[in-house]
Amino acid sequence: MNKAKLVVIGSLNMDIVVETDRFPQLGETLLGERVRFIPGGKGANQAVAGARLGAETAMIGAVGDDAFGEELLLSLSGNGVDVSGVKRVAGTATGIASIYVAEGDNSIVVVPGANYRMTPDDIDRNEDKLGEADIVLLQLEIPVDTVVYAARKAKSLGKTVVLNPAPAQPLPKEIFGYVDYMTPNRTELARYSGMDAEGDALEAAMRRMKEMSAAHIITTLGADGSAYLTDEGVMRHIPGYKVQVVDTTGAGDCYNAGLALSVGSGRNLEEAIRFASLVSALAVTKFGAQAGMPTREEALEFAAQQARHKT
Ligand code: RIB
């Protein structure tokens with residue numbers, strides 16, 4: 001299989017992760033158990049996952065001129081990501097995500113900082129990187145106008161475009177014409193389709209989203225795996241893996257990177273989804289977003305283990 005060339009355009013955040021027994025209630029003060037500072041941001045997480053899983057990966061994004069920015073760049077480059085497309089914005093703070101991890105889940109508040117200084121000019125300045133890519137992977141933690149511009153440019157250069165529409169944001173219709181693969185989770189699907197997406201309502205919501213877009217729609221369902229619509233418009237469910245959950249932060253990012261690099265390496269959609277499920281299952285078994293991303297070798301070993309269990 002060819003080594004996919006992946007360009008990720010998106011956010012870099014320092015994750016301030018607080019572990020507690022349970023989530024605080026409104027107005028309540030809790031004593032947490034531990035705080036950690038871990039490189040994150042949906043864009044940077046996807047870039048690290050892509051690189052660890054074997055794609056030649058470049059990141060286009062922005063950090064502030066502070067110590068967190070420095071650390072985030074080191075985390076990316078230490079994982080083999082080309083960071084020459086990440087600008088440093090003077091006088092601006094690097095993006096921060098305040099994360100509570102409790103009860104096997106997380107809740108996150110992001111303060112975008114430098115991420116919101118990403119403009120269409122930054123995309124133009126990195127046109128050569130886009131030109132060399134097989135796949136361009138986008139999310140919504142930088143300004144939507146810049147995401148739309150990037151998707152339009154990538155499409156005009158003949159690239160395959162994957163949009164992880166997270167966190168859910170109002171999107172102009174135009175963007176749906178540029179995207180080849182769209183990967184909402186259930187909550188995002190409900191927001192974009194304007195329909196209930198719980199239980200049996202999932203398929204109808206996915207069909208509604210498909211009517212808005214030429215893209216393949218793939219919905220991530222956490223521990224339940226994911227679902228996609230076939231070319232005939234029928235929903236297929238691909239189950240997840242049973243693993244020991246340590247931290248779900250970044251699992252969706254790992255899924256998106258796995259899907260993007262698989263599609264970029266020539267796998268068909270169902271194979272790509274199976275690979276994405278496999279690697280995102282591994283991501284939840286370790287603590288931290290970027291820290292928990294599996295390597296290609298770990299993914300192959302896990303796949304072999306699963307195959308042994310089946311026989
Ligand atoms: O998807 C997980 C990421 O969302 C975290 O790393 C955090 O930075 C937020 O952007």
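None of these values were measured; they are calculated from a predicted model. We use all heavy atoms of the structure for the numbers below, so side chains are in, but hydrogens, waters and symmetry mates are not. Read the numbers this way: they start at 1 and go in the same order the structure lists the ligands and their atoms.
Tyr100 pairs by the ring pair (Phe, Tyr, Trp, His ring centres under 6.0 Å) definition with nothing, not counting sequence neighbours. For Tyr181, the ring pair (Phe, Tyr, Trp, His ring centres under 6.0 Å) test picks out His216, with sequence neighbours left out.
Here Val246 sits in one hydrophobic cluster together with Val17, Ile38, Ile99, Val101, Ile108, Val110, Phe287; the rule is ILVMFWY side chains under 4.5 Å apart, joined directly or through other members.
Heavy atoms from other residues, nucleotides or ligands lying under 6.0 Å from CZ of Arg152 number more than 12.
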Which N or O atoms of ligand 1 sit under 3.5 Å from a protein N or O, and how far apart is each pair?
| residue | atom | partner | partner atom | Å |
| --- | --- | --- | --- | --- |
| ligand 1 | 1 (O) | Lys42 | NZ | 2.9 |
| ligand 1 | 1 (O) | Asp253 | OD2 | 2.7 |
| ligand 1 | 4 (O) | Lys42 | NZ | 3.3 |
| ligand 1 | 6 (O) | Asp15 | OD1 | 3.4 |
| ligand 1 | 6 (O) | Asp15 | OD2 | 2.6 |
| ligand 1 | 6 (O) | Gly41 | N | 3.1 |
| ligand 1 | 6 (O) | Asn45 | ND2 | 2.9 |
| ligand 1 | 8 (O) | Asn13 | ND2 | 3.1 |
| ligand 1 | 8 (O) | Asp15 | OD1 | 2.6 |
| ligand 1 | 8 (O) | Gly41 | N | 2.9 |
| ligand 1 | 10 (O) | Asn13 | ND2 | 3.0 |
| ligand 1 | 10 (O) | Glu141 | OE1 | 2.9 |
| ligand 1 | 10 (O) | Glu141 | OE2 | 2.7 |

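No side-chain donor from either of Asn164 and Gln139 sits under 3.5 Å from a side-chain acceptor of the other. Ser226 and Tyr255 share a side-chain donor-acceptor pair at under 3.5 Å.
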